[in-house]
Amino acid sequence: MSDSSPSASPDADIIVVGAGLVGVTSALALARQGHRVLVLDKQEPGRGASYGNAGHLATEQVFPIADASILTSLPGMLMDPMGPLRLDWKYLPRALPWLTRLVLNLRPAPFRQSVAGIRALNERSLAAWQRLLASVDSSHLLKADGSLLVYEKPESHSKLEALESRMREQQVPVELWDGSAIQRAAPQLSNALLGGLFFPATGHVLDPWRVVNTLVDAARRQGVQFAQEAVRSAQVIDSGVRLITDSRQLTASRVLLACGAHSAALTAQLTGKRIPLDTERGYHLMLPREHDRLPFAVTSLERRFIMTPMETGLRLAGTVEFAGLDAPPNMGRAWQLHRLSRGLFKNDLDAEDATPWMGFRPSLPDSLPIIDRLENGRVLLAFGHHHLGLTQSAITAEMIAGLADPGKHDASATSVHRDDLPPREPYRLSRFG
């Protein structure tokens with residue numbers, strides 16, 4: 001994994017592979033600590049999963065991506081191409097080892113560990129985002145106005161109450177609303193909605209891509225360099241790391257892998273560890289003619305999708321597909337979101353000029369990201385946040401800054417004290433053996 005070949009002066013102190021939200025927020029935090037940072041990505045910054053996420057800061061989602069119901073749902077996942085959770089049957093042989101580990105993590109002890117790890121990140125995430133955006137004079141890009149989960153069917157009331165109880169057990173702020181409370185807060189929603197759960201300690205961003213670009217501009221002002229190059233291979237060497245891109249060879253004292261669903265191969269090259277990283281293919285449908293329909297993000301319990309108001313319209317998102325990185329997108333799944341929205345409003349949503357999108361969310365079977373420091377500090381890892389990449393990216397950046405410079409008092413220019421960061425143990429690479 002290493003050699004002693006002589007090298008010229010390094011191209012950077014730290015090379016960040018990945019220009020999504022996790023990579024860009026981390027690059028900014030590292031640069032603020034005095035590091036010379038270069039960010040590499042085959043796409044322009046924010047054009048991967050960060051571009052199309054739901055925009056919801058989902059701090060309330062403290063439970064893993066699946067529960068025991070997945071065992072009975074598997075046949076439907078294979079048969080329904082438009083279901084909210086789909087597994088491409090052609091991808092099943094490749095997905096089976098990952099799904100097996102997912103099921104094993106549903107046992108009581110590992111499930112509790114996953115919940116504790118997700119919660120430790122999520123309960124610090126909103127404040128981390130508020131610190132970060134305030135530090136770049138862009139607090140207005142975040143609306144900390146809460147979010148709402150609604151239900152329509154009387155038989156769903158018991159499910160909602162059970163979820164409320166589980167949320168309270170995890171100290172998630174939650175309020176039980178009836179239909180009249182929903183009408184007062186969001187009068188354009190249908191009168192047929194019977195009630196819901198309101199989560200006051202959540203929020204949404206006005207436009208995820210605008211947020212990325214705002215942070216990229218701040219990073220550039222801090223001296224961070226960005227290059228649109230694909231990294232083909234990586235190696236630990238005595239002086240640090242060597243990367244081979246599609247156009248050149250680069251060296252640095254350290255590397256941060258933050259390239260989401262594409263991180264597994266480079267992690268194996270740098271650490272010798274193979275990790276069970278797969279991808280949730282997420283879809284959205286952007287409705288540019290829909291403004292002022294909702295004051296905050298609204299999720300349907302039965303229909304299993306989310307609607308988030310943004311400055312460019314209303315974003316419908318939430319459908320998940322397991323089909324790997326290579327299969328072409330099925331944009332019919334994005335258009336299905338508009339059909340799912342019918343009946344949730346007094347007047348149906350306008351889908352004229354709507355645009356569909358698909359992206360890759362990096363998922364590990366215990367629903368926890370990898371945030372770690374290895375190879376004597378030469379390799380930093382920050383990926384695997386599944387559908388919580390936006391939510392957890394700012395707190396992840398603070399943790400990465402702490403791992404990069406463990407002797408410094410503050411994790412970044414946002415001035416969070418090290419003692420306020422989540423414990424490192426749940427997110428270590430070594431949990432996968």
Side-chain angles (χ1 to χ4, degrees), residues 20-21 46-61 82 84-85 125-126 129 133 138 140-150 185-186 188-190 196 199 202-214 260 280-301 303-321 329-345 347-361 385-393:
L21 277 163
R47 276 297 188 181
S50 296
Y51 174 84
N53 67 64
H56 172 42
L57 291 177
T59 58
E60 85 285 7
Q61 295 183 17
M82 293 300 163
L85 180 62
S125 288
L126 183 58
W129 265 112
L133 290 176
S138 297
H140 62 283
L141 295 178
L142 167 61
K143 299 296 183 183
D145 297 330
S147 61
L148 179 64
L149 172 69
V150 299
Q188 295 207 42
L189 287 173
S190 170
F199 300 100
T202 65
H204 68 278
V205 296
L206 294 183
D207 183 341
W209 196 40
R210 183 178 172 190
V211 169
V212 175
N213 286 327
T214 297
E280 301 173 41
R281 294 154 57 102
Y283 291 82
H284 86 219
L285 187 69
M286 196 70 203
L287 307 182
R289 293 178 177 266
E290 286 295 348
H291 294 274
D292 304 319
R293 283 274 194 160
L294 295 173
F296 40 60
V298 174
T299 302
S300 167
L301 177 67
R303 306 184 193 210
R304 297 176 65 180
F305 80 109
I306 187 171
M307 305 173 288
T308 307
M310 296 185 181
E311 62 185 2
T312 53
L314 187 67
R315 179 165 294 180
L316 314 184
T319 176
V320 172
E321 177 182 48
N330 177 6
M331 289 307 183
R333 293 183 60 79
W335 289 103
Q336 170 73 359
L337 294 166
H338 182 249
R339 289 188 285 273
L340 286 173
S341 74
R342 291 172 181 159
L344 289 175
F345 293 88
N347 298 297
D348 285 345
L349 298 174
D350 185 350
E352 188 174 351
D353 300 323
T355 53
W357 174 92
M358 187 276 285
F360 303 104
R361 305 169 184 153
H385 297 76
H386 57 100
H387 61 274
L388 295 174
L390 169 65
T391 302
Q392 297 174 349
S393 53

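The model shown is predicted, which means the values in this text are computed figures rather than measured ones.
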> Do the side chain of N53 and the main chain of S50 share a donor and acceptor less than 3.5 angstrom apart?
Replying inline: yes
> V150 versus V298: any side-chain heavy-atom pair under 4.5 Å?
Replying inline: yes
>> Do L285 and W335 make a side-chain contact, defined as non-hydrogen atoms from C-beta onward lying under 4.5 Å apart?
In response: yes
> Do you know which two heavy atoms are closest between A354 and P288, and how far apart they sit?
Replying inline: CA-CD, 3.8 Å
> Would D207 and L141 count as a side-chain contact (heavy atoms from CB on, under 4.5 Å) if you check the C-alpha gap in whole Å, the side-chain angles of each, and the deciding distance to 0.1 Å?
Replying inline: CA-CA 7 Å; D207 183 341; L141 295 178; over 6 Å; no
> Does a side-chain heavy-atom distance below 4.5 Å link L189 with L294?
Replying inline: yes
>> Can you see whether F305 has R303 sitting over its ring - NZ or CZ less than 6.0 Å from the centre and within 45° of the normal?
In response: no
> Does the Y283 side chain pair with the main chain of N330, one donor and one acceptor, at a distance under 3.5 Å?
Replying inline: yes
>> Less than 4.5 Å apart, side chain to side chain, heavy atoms only: is that true for H385 and R361?
In response: no
> To the nearest 0.5 Å, how far apart are CZ in R304 and CG in L340?
Replying inline: 11.0 Å
> Which pair of non-hydrogen atoms, one from F296 and one from G146, has the smallest distance, and what is that distance?
Replying inline: CB-O, 3.2 Å
>> If you compare all heavy atoms of W129 against all heavy atoms of L390, which two are closest, and at what distance to 0.1 Å?
In response: NE1-O, 2.7 Å
> Between Q336 and R339, does any side-chain donor sit less than 3.5 Å from a side-chain acceptor?
Replying inline: yes
> Does H56 reach the main-chain N or O of G203 with its side chain, forming a donor-acceptor pair under 3.5 Å?
Replying inline: yes
>> I need the minimum non-hydrogen distance between R293 and D348, along with the two atoms involved.
In response: NH2-O, 3.0 Å
>> Within this structure, what is the CE-CZ distance for the pair M307 and R315, rounded to the nearest 0.5 Å?
In response: 14.5 Å
>> Applying side-chain contact (heavy atoms from CB on, under 4.5 Å) to L142 and L57, what does each step give before you reach the verdict?
In response: CA-CA 9 Å; L142 167 61; L57 291 177; 3.1 Å; yes
> Under 4.5 Å between any side-chain heavy atoms of M310 and H204, yes or no?
Replying inline: no
>> Pair M331, M358 - check side-chain contact (heavy atoms from CB on, under 4.5 Å), show working.
In response: CA-CA 7 Å; M331 289 307 183; M358 187 276 285; 4.0 Å; yes
>> What I'd like to find out is whether the side chain of T59 reaches to under 4.5 Å of the side chain of T391, using heavy atoms alone.
In response: yes
>> When you measure from the centre of the six-membered ring of F360, is the NZ or CZ of R281 closer than 6.0 Å and no more than 45° off the axis?
In response: no
>> So, using side-chain hydrogen bond (donor to acceptor under 3.5 Å, both in side chains) as the criterion, who are the partners of N347 when residues are at least two apart?
In response: none
>> Under 3.5 Å, is there a donor on one side chain and an acceptor on the other for H291 and E311?
In response: no
> Is the H284 ring parallel, tilted or perpendicular to the W357 ring (thresholds 30°, 60°)?
Replying inline: parallel
> Do you know the tightest heavy-atom contact between A54 and T308?
Replying inline: O-OG1, 2.8 Å
> Distance from L349 atom CG to E290 atom CD, nearest 0.5 Å?
Replying inline: 4.5 Å
>> Less than 4.5 Å apart, side chain to side chain, heavy atoms only: is that true for Y51 and V212?
In response: no
>> Taking side-chain hydrogen bond (donor to acceptor under 3.5 Å, both in side chains) as the definition, give me every residue that meets it alongside T202, ordered by chain and number, with sequence neighbours left out.
In response: S147
> From T299 OG1 over to I306 CD1, what is the distance, rounded to the nearest 0.5 angstrom?
Replying inline: 3.5 Å
>> Could you report the tightest heavy-atom contact between Q188 and D292, atom names first, then the distance?
In response: NE2-O, 3.2 Å
> Quick one: are H387 and Q61 in side-chain contact, heavy atoms under 4.5 Å?
Replying inline: yes
